[in-house]
Amino acid sequence: MKAQVNGTSRDLADGTSVAAVVSLVGAPEKGVAVALDGAVVPRALWDKTIVPDGGVVEVLTAVQGG
């Protein structure tokens with residue numbers, strides 16, 4: 001199946017979870033937020049939330065600055 005991950009088209013296996021996508025992009029353990037089709041996915045649901053075919057995933061990391 002195909003999904004958009006951070007603006008890039010990716011081939012993902014059927015049943016790929018949000019947690020697997022976070023790992024795929026190499027995001028750090030902390031300071032990460034994920035949106036699926038425009039809705040924030042709580043961290044507690046990452047393993048249980050499956051990315052649908054054609055889904056849009058945004059993996060965002062916090063950046064310090066001032």
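Reckoned from all heavy atoms, side chains included, excluding hydrogens, waters and symmetry mates.
Scanning for side chain to side chain contact (heavy atoms under 4.5 Å, CB included) contacts around Thr49 gives Val18, Leu36, Val41, Leu45, with sequence neighbours left out. Listed by chain and number, the residues in a side chain to side chain contact (heavy atoms under 4.5 Å, CB included) with Asp37 are Pro52, Val56 (sequence neighbours excluded).
Between Lys2 and Asp11 there is a salt bridge, since a side-chain N of the basic residue sits under 4.0 Å from a carboxylate O of the acidic one.
Within the 4.5 Å cutoff, side-chain heavy atoms of Leu12 are placed close to those of Val21. Counting heavy atoms from C-beta outward, Glu58 and Val5 have side chains that stay 4.5 Å or more apart. Looking at heavy atoms from C-beta onward, Thr16 lies out of side-chain contact with Ile50 at the 4.5 angstrom threshold. Side-chain contact between Arg10 and Leu24 is present, with heavy atoms from C-beta onward closer than 4.5 Å. Asn6 is not listed as a side-chain neighbour of Val57, based on a closest heavy-atom distance of 4.5 Å or more. Using a 4.5 Å heavy-atom cutoff, the side chains of Pro28 and Thr61 are in contact.
Glu29 and Arg43 make their closest contact through O-NH1, 3.3 Å (heavy atoms, listed as atom of the first residue, atom of the second, distance). Ala3 and Val51 get closest at one heavy-atom pair: CB-CG1, 3.9 Å. Residues Met1 and Ala13 come closest through the heavy atom pair CE-O, 3.9 Å.
Through side-chain heavy atoms spaced under 4.5 Å, either directly or across other Ile, Leu, Val, Met, Phe, Trp or Tyr residues, Leu60 is tied to no other residue.
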